[in-house]
Structure formats: structure tokens, C-alpha cells
Undergrad: 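Let me give you the structure first, and then I'll get to my questions.
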There are 2 protein chains.
Amino acid sequence: MTGTPAADGRPHALRADAQRNRARILDAARTAVDEQGTQASLRDIARRAGVGMGTLYRHFPDREALLEELLGQRFDLLAGRAAALEASRSPEDALVEWLGEFTAGAGAYRGLAASMMATLNDESSSLHASCLAMRQAATRLLSNAQDAGHIRSDADGTDLFALVNAVTWIVDQAPSIAARRQHLLSLIVDGLKRQPAAGP
Amino acid sequence: MTGTPAADGRPHALRADAQRNRARILDAARTAVDEQGTQASLRDIARRAGVGMGTLYRHFPDREALLEELLGQRFDLLAGRAAALEASRSPEDALVEWLGEFTAGAGAYRGLAASMMATLNDESSSLHASCLAMRQAATRLLSNAQDAGHIRSDADGTDLFALVNAVTWIVDQAPSIAARRQHLLSLIVDGLKRQPAAGP
DNA sequence: ACCTGAACACCGTTCAAGT
DNA sequence: ACCTGAACACCGTTCAAGT
């Protein structure tokens with residue numbers, strides 16, 4: 001009975017040709033996003049994959065569904081890193097290190113910051129869930145550092161996400177600024193540190 | 001002899017119809033940018049202006065030439081504000097106030113941040129000159145505040161411009177974040193303030 | 001069940017033909 | 001000198017027709 005229609009009403013597994021097309025589309029998308037950023041032409045992706053436009057749309061109803069496959073992994077990874085750092089480092093180190101990893105990796109995906117912002121308040125976006133989980137992990141790092149007294153208490157997870165995304169964006173606007181990524185990030189992170197109270 | 005071709009080899013004044021078309025295009029562009037941001041459709045602008053595409057291109061060879069007309073005024077105005085604040089306020093107040101005015105006004109032009117970044121290293125851009133002048137004015141405010149000991153000395157004009165543009169960008173990505181403009185800006189500006197040395 | 005590719009409504013940019 | 005609008009090479013999205 002292998003490969004016969006399921007009798008339990010659950011969705012069928014993909015037909016072999018469909019499965020192959022799906023994989024091809026994802027491969028092509030990876031290459032295209034690598035070259036052109038998250039705004040890569042969908043037509044071009046279909047062309048590279050050697051499938052018709054309809055096939056691309058059948059597998060991925062919109063651009064974000066396609067991106068979710070590529071970026072979801074990254075989000076999950078970064079959420080995992082947050083958890084690992086939380087367990088192994090001081091609250092302050094964990095936060096600073098995570099922010100560094102976040103912005104460093106983002107350079108590989110031009111347009112990532114815009115895609116992430118678009119997903120923020122759009123619960124229907126395919127990227128919403130994995131992005132939210134990552135943000136929550138980052139927010140925990142922030143709270144820990146705040147509880148330990150290292151970070152000013154009037155900044156919240158949304159502020160942190162906004163600022164770090166803003167850096168991500170600015171950094172891929174111009175190569176001359178990309179070189180200053182670390183410096184810009186530290187200007188912001190230093191600024192978030194609780195200003196020491198004046199002398200005794 | 002009024003209206004006859006100039007004999008001195010200098011460029012002629014625009015013909016009356018050309019002058020009218022130019023004005024119409026700018027009017028249409030203002031409306032379109034207002035509604036759709038700096039990425040407004042050029043075709044749409046020509047349509048609204050009631051001119052052919054060729055006419056639009058004749059007057060403005062590319063999008064930036066058109067934007068220069070709209071944004072150049074704004075840049076000049078902000079450069080002027082910087083000079084005025086420099087004369088009338090303390091170094092720290094002048095800087096903080098100027099940054100507030102810069103980001104507050106930017107909300108009126110969606111896409112402005114991206115257009116400004118594009119112009120940064122592109123000397124052929126029509127926006128280059130007026131944008132540069134504004135940046136230099138802002139850099140003076142920064143230097144003054146640094147000389148007065150209010151701002152950390154390892155931030156330069158490029159950093160300041162990058163950060164303030166990053167805020168401008170993030171703020172028009174989502175209305176929920178636009179509401180936090182002032183707060184985000186003050187997180188950054190506070191952060192740039194020189195950390196007070198530890199007690200005696 | 002899945003695929004193809006033409007069709008549609010848009011772009012930006014160029015240019016021959018008109019006045 | 002200036003204008004028009006068709007032409008070209010691209011998009012994203014949809015959908016009838018095929019297997």
C-alpha cells in the first residue's frame with residue numbers, strides 16, 4: 001500500500017515530482033537571495049529552478065512563504081544561541097554577544113531587516129512565528145541583564161529589536177558603513193548600559 | 001529683443017510651455033511622494049502631470065534629479081537650522097534639538113532614509129551636494145558638543161548620520177514603532193553622552 | 001495532483017516621429 | 001526646442017489548459 005492515498009483524511013505526502021520541484025525552487029531561491037537579497041525576482045527564481053511560475057506559486061503562495069524556509073532556520077538558530085548563551089555567560093555578556101552574532105550574520109541577507117520588520121505586526125506572515133520566538137529569546141537576555149542592573153530599565157524587547165534591526169539595515173546600505181558595524185553596535189549597546197550613579 | 005536667443009552662449013531660459021510642464025511635474029511629484037514615498041512610480045507622476053514620459057525624462061534624467069528638487073529644500077532648511085541652533089543654544093541642546101527636528105520631519109517622506117543613504121557615496125547623485133552640506137552642519141554640532149565634553153569622543157559625523165538615519169528608517173517601517181520615535185532617539189542620544197567618570 | 005506558460009496589469013527607460 | 005506615445009525588457013500574480 002505504499003504511496004496510496006491516506007484513508008485518515010490527513011494531507012497526502014507530496015508526489016515525487018512535486019517534492020523534487022520544491023527542492024529545486026528552494027535551491028534556486030537560496031542562490032538568488034544570496035545574489036540579490038530578499039527582494040530577488042520570483043520569476044528569476046522559477047527560471048533558475050526550471051519550473052513554471054504556477055509551480056512556484058503552488059508551493060509558496062507568496063514571497064514570505066519562500067523566505068520563511070530560508071530565514072526560519074536562521075531565526076531558530078539564533079533563538080537557540082540565545083538560550084545557550086543564557087546558560088553559559090553572565091547576563092551582560094550573553095546579551096552583548098548575541099547582538100553581535102545577530103548583526104554579523106545579517107550581512108549575508110540583504111533586505112533581511114526590511115523583511116523582519118514587515119513580519120512584526122503581520123500575524124498572517126509565514127515568518128511571524130519563528131521571528132517571534134527569536135525575539136522572545138532576545139527579550140529574555142535583555143530582562144536578565146536588566147535584572148542584574150547592567151542595562152537601563154526603560155528599554156524593552158521591542159526597543160532592542162528595533163535598534164538592532166536599524167543597525168542591520170544601515171549596515172547594508174553602504175559598504176563604507178558596513179565596515180563600522182561593530183562600532184555602531186557598540187555605540188548603541190554602551191548607550192543602553194545603565195549610567196553609573198555619580199560618586200558617593 | 002525679449003525672449004530672443006541669448007548671444008553669449010549661456011543656456012537659454014526655458015520655453016514657456018517647458019517651464020509650465022516642469023512645474024506640473026514637480027507638483028505631481030510632490031503629491032505622489034507624499035502618498036507613496038520616494039519610490040513613487042515615475043509613470044504615475046507623468047500621468048498626474050499630464051505629460052508624456054519623455055517630457056519627464058527630459059526635465060529630470062533620473063529619479064534623484066526629481067527628488068533633489070523636493071528634498072534639496074529640506075536639506076537646506078535643516079542645514080540652516082543647525083547654524084541657527086549653533087548660535088542660540090548650548091552645544092548639547094543644539095545637537096539634541098537638531099536631531100529631534102531631523103527625525104520628526106523625516107516621517108513626512110517615506111523612503112527618505114534609503115534615498116539619503118544612496119546619495120552618501122555617490123557624488124554623481126543630484127542629491128549629493130545639498131545632503132553633504134547638511135551633514136557637515138550636523139557634524140559641526142557634534143564637534144561642538146564633543147569639545148564641550150558632553151558627547152563621547154569616539155563618535156564622528158558619519159556615525160551620527162548613520163544612527164539618525166537608522167532611526168528614521170526603522171520609524172517608518174511600522175506605525176507601532178513610529179510612536180516610539182522620541183524614545184528610540186533618546187536611547188541613542190543618551191548613549192552618546194559621555195559616561196561620567198566614576199567618583200573621586 | 002500537479003505542471004506549464006500565456007495573459008494581465010503594472011514598472012523604468014529609450015527613441016522615432018511629430019509640432 | 002520641446003513634446004508624445006509606442007516599443008522594449010522587465011516585474012508579480014492569476015488561471016485555463018494540459019498530463
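In what follows, chains are A, B, ... by sequence order, proteins preceding strands, each numbered from 1. Please read all numbers here as calculations on a predicted model, not as lab measurements.
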Undergrad: Is B:Asp156 paired with A:Arg180 through a side-chain N to carboxylate O contact shorter than 4.0 Å?
TA: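 Answer for the salt bridge query: yes.
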Undergrad: Show, in sequence, the C-alpha distance, side-chain angles and deciding distance for A:Leu160 and A:Leu192, and conclude whether the side chain to side chain contact (heavy atoms under 4.5 Å, CB included) test is met.
TA: CA-CA 9 Å; A:Leu160 185 72; A:Leu192 290 175; 4.1 Å; yes
Undergrad: Generate the contact string for nucleotides 8-19 of chain D. Rules: B means base contact, S means sugar-phosphate contact only, - means no protein heavy atom under 4.0 Å.
TA: ---BBBBB----
Undergrad: When the ring planes of B:Phe102 and B:Phe161 are compared, do they come out parallel, tilted or perpendicular, using 30° and 60° as the limits?
TA: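 If you compare the ring of B:Phe102 with that of B:Phe161, the planes turn out perpendicular.
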Undergrad: Roughly how far apart are A:Thr55 OG1 and A:Arg22 CZ, rounded to 0.5 Å?
TA: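 Separation between the atoms: 13.0 Å.
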Undergrad: May I have the distance from A:Asp17 (atom CG) to C:dC3 (atom P), rounded to whole angstrom?
TA: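 Nearest whole value for this atom pair: 5 Å.
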Undergrad: Taking the basic N atoms (NZ, or NE/NH1/NH2) and the acidic carboxylate oxygens, is any pair closer than 4.0 Å for B:Asp44 and B:Arg47?
TA: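 Salt bridge: yes.
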Undergrad: Assess whether side chain to side chain contact (heavy atoms under 4.5 Å, CB included) is satisfied between A:Ile151 and A:Val189, documenting all intermediate values.
TA: CA-CA 9 Å; A:Ile151 297 286; A:Val189 173; 5.5 Å; no
Undergrad: Please check if any side-chain donor atom of A:Gln36 sits under 3.5 Å from a side-chain acceptor atom of A:Ser41, or the reverse.
TA: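 Looking only at side-chain atoms, A:Ser41 and A:Gln36 do not form any donor-acceptor pair under 3.5 Å.
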Undergrad: Under a 3.5 Å threshold, yes or no: a donor from one side chain and an acceptor from the other, between B:Ser115 and B:Thr38?
TA: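 Per modelled atom types, B:Ser115 and B:Thr38 side chains form a pair under 3.5 Å.
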Undergrad: Whenever both distances are under 3.5 Å in a Watson-Crick or G-U wobble pair, mark it; put DNA chain D into dot-bracket that way, with [ ] for crossing pairs and | when the partner is on another strand.
TA: ||.|||||...|||||.||
Undergrad: With the threshold set at under 4.0 Å for non-hydrogen atoms, list the residues of residues 21-31 of chain A touching DNA chain C in residue-number order.
TA: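 Residues of residues 21-31 of chain A that come under 4.0 Å of DNA chain C are, in numerical order, A:Asn21.
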Undergrad: Before accepting this row, confirm whether a basic side-chain N of the pair B:Arg48/B:Asp27 lies closer than 4.0 Å to the acidic partner's carboxylate O.
TA: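 Looking at B:Arg48 and B:Asp27, the cut-off is not met.
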Undergrad: At less than 4.0 Å, is any side-chain N or O atom of A:His59 found next to OP1 or OP2 of C:dC2? Yes or no.
TA: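 For C:dC2, OP1/OP2 do not have a side-chain N/O of A:His59 under 4.0 Å.
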Undergrad: Are B:Glu35 and B:Arg110 close enough for a salt bridge, meaning some N to O gap below 4.0 Å?
TA: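 A salt bridge is absent here (no side-chain N lies under 4.0 Å from a carboxylate O).
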